[in-house]
Amino acid sequence: MISAGDEDDPFPVDDCLFAETFYQDNVYNLIGQELKIRQLFGANLGVAAAVWEAALHLCGYLEEQSVEFKGKRIIELGAGTGVVGIVAARLGAVVTLTDLPLALPQLETNVSANMPSSGWPSAPPTILPLSWGEDHMNFPSDWDVVLCADIIYLPETYPLLLETLAHLCKSGAVVYLSSKMRKEHGTPDFYEEYLPSRFNVRLVHRDDKQNNNIYRAALRKDQ
C-alpha cells in the first residue's frame, strides 16, 4: 500500500514525482466495502496517483461515526484515486468525483472496477474536472456533504479552494477534511486562518502517530 505515513517523508509538490510510469493495484476494506484501487504512477499524474493515509483515516472516521450515506448528494474534491467517494457511492450516496483533468482517467478506471455486482445502489459516480477558483461556478451549491482527503498542501491554492468550498456549501453542506499536518507546506495555516475566515471549523479527530487531523466544517451563516 502506498502511504504518506512516514513522518519525515515530505509531501511532494513537484508534479514530476515519478520518472517512470507503472501501475500498482491494491485491495482495501473500508466501511464494509472491498475496493480494488489502481494507482497509476507517472510523471504526469504525480501526487494524484496514490491512496494517501488521510483518505483511509477519513473512511475510518466516517465509519466510526456511523455517517449515513444513503441518498446523500456528495462531492469529493481532489479525488485522486477516488477511494473515499467510491466507498460513499457503494453505500448509496449520489457522488460526484472531481479533480484536475489529468486525474480523470484514473478515476474512471477505479469507478468501473468497483461497481457492485448488483449495480450501484443509487447511481454510478459522476466524474468531472474541477479547477478550484476557476470553474466552481459550473457546479451546484446544494450538496449534503463535501469530502476532502489530503488536498491541503499547496499554499497558493488555499484562497482558490476556500472560494470553491464556499460556493459548494451555500445550501448548508457539511465538509469533512482529512489532512496530514505538514508545517513545511503551511497546512496548519489553512485550518487556523483561511478556513475559519468563512467557516465554522471543528477538529473532530487527531492521529498523533500519522500526524493526521480530521475537521468538520460548515459555512458561516453570515457568508
Side-chain angles (χ1 to χ4, degrees), residues 1-15 17-18 22-42 45-65 67 69 74 76-91 95 97-100 103 106-107 109-110 113-114 145-155 157-158 161 175-192 195 201-217:
M1 181 174 68
I2 300 302
S3 167
D6 293 334
E7 194 66 35
D8 59 353
D9 179 22
F11 194 82
V13 175
D14 188 354
D15 282 344
L17 174 61
F18 305 101
F22 63 96
Y23 294 98
Q24 180 168 320
D25 295 320
N26 293 91
V27 175
Y28 297 88
N29 289 288
L30 301 165
I31 318 184
Q33 302 294 309
E34 182 177 280
L35 270 62
K36 298 176 182 178
I37 298 295
R38 168 158 287 192
Q39 302 169 78
L40 173 58
F41 297 98
L45 203 53
V47 298
V51 175
W52 297 99
E53 287 291 341
L56 305 181
H57 286 154
L58 182 54
C59 287
Y61 172 79
L62 296 172
E63 181 176 25
E64 289 171 4
Q65 298 299 309
V67 173
F69 291 97
I74 294 177
E76 183 177 3
L77 302 183
T81 63
V83 61
V84 182
I86 291 172
V87 168
R90 287 179 59 120
L91 292 171
V95 174
L97 302 171
T98 70
D99 210 317
L100 295 175
Q106 176 173 256
L107 281 171
T109 295
N110 286 328
N114 288 284
V145 178
V146 182
L147 298 173
C148 308
D150 227 347
I151 64 173
I152 314 300
Y153 61 92
L154 291 176
T157 68
Y158 295 172
L161 175 56
V175 190
Y176 291 100
L177 307 101
S178 180
S179 290
K180 187 167 184 177
M181 303 303 290
R182 303 176 178 86
K183 291 183 179 180
E184 69 274 18
H185 291 277
T187 304
D189 295 337
F190 178 81
Y191 291 108
E192 294 169 7
L195 196 58
V201 184
R202 183 162 61 96
L203 174 65
V204 293
H205 182 76
R206 166 73 183 165
D207 187 310
D208 288 321
K209 183 178 179 181
Q210 299 292 344
N211 189 28
N212 196 93
N213 287 357
I214 297 176
Y215 296 85
R216 188 180 189 274

**Study point:** Val87 side chain reached by Asn114 side chain, heavy atoms, under 4.5 Å
**Key:** no
**Study point:** Main-chain N/O of Ala54 paired to Ser178 side chain as donor or acceptor, under 3.5 Å
**Key:** yes
Practice item. Calculate, to the nearest 0.5 Å, the distance between atoms CD and CG belonging to Glu63 and Leu58 respectively. Key: 12.0 Å
Study note, to complete from the structure: Leu195 and Ala217 have their tightest heavy-atom pair at CD2-CB, 4.1 Å
Review point. With side chains defined as the heavy atoms from C-beta onward, is the minimum distance between Thr187 and Lys180 less than 4.5 Å?
Key: no
Practice item. Would you check, one step at a time, whether the test side-chain contact (heavy atoms from CB on, under 4.5 Å) holds for Leu35 with Arg90? Key: CA-CA 10 Å; Leu35 270 62; Arg90 287 179 59 120; 3.9 Å; yes
Exercise for review: Check whether any side-chain heavy atom of Val83 sits under 4.5 Å from a side-chain heavy atom of Glu76, and report yes or no.
Suggested key: no
Check your understanding: Distance only, no hydrogens: is a donor on one side chain within 3.5 Å (strictly under) of an acceptor on the other, for Asn110 and Arg38?
Key -> no
Practice item. Please tell me if the side chains of Asn211 and Arg206 come closer than 4.5 Å, counting only heavy atoms from C-beta onward. Key: yes
Study note, to complete from the structure: Taking every heavy atom of Tyr191 against every heavy atom of Met181, the minimum-distance pair comes out as CD1-CE, 3.8 Å
Exercise for review: Check whether any side-chain heavy atom of His57 sits under 4.5 Å from a side-chain heavy atom of Asp207, and report yes or no.
Suggested key: yes
Study note, to complete from the structure: All heavy atoms of Tyr158 vs all of Gly186, minimum pair found to be CE1-O, 3.5 Å
Exercise for review: Can you measure from CG (Leu147) to OG1 (Thr98) and round to the nearest 0.5 angstrom?
Suggested key: 10.0 Å
Study note, to complete from the structure: The reported gap from CD in Glu64 to CD1 in Ile214 (rounded to nearest 0.5 angstrom) is 8.0 Å
Review point. With under 30° as parallel and over 60° as perpendicular, where do the rings of His205 and Tyr61 fit, or are they tilted in between?
Key: tilted
Point to revise | Nearest heavy-atom neighbours spanning Leu107 and Ala79 | key: CD2-CB, 3.8 Å
Review point. Between CG of Leu177 and CG of Leu203, what distance do you get to the nearest 0.5 Å?
Key: 11.5 Å
Practice item. Output, in order, the C-alpha distance, side-chain angles, deciding distance and verdict of side-chain contact (heavy atoms from CB on, under 4.5 Å) for Gln106 and Ile37. Key: CA-CA 9 Å; Gln106 176 173 256; Ile37 298 295; over 6 Å; no
**Study point:** Close side-chain approach of Leu97 to Asp99, heavy-atom, < 4.5 Å
**Key:** no
Study note, to complete from the structure: Interatomic distance, NZ@Lys36 vs CD1@Ile86, rounded to 0.5 Å, equals 13.0 Å
Practice item. Write down the atom of Val84, the atom of Ala149, and the distance for their closest heavy-atom approach. Key: CG2-CB, 4.3 Å
Check your understanding: Measuring from Tyr215:OH to Cys148:SG, what's the distance to the nearest 0.5 Å?
Key -> 13.5 Å
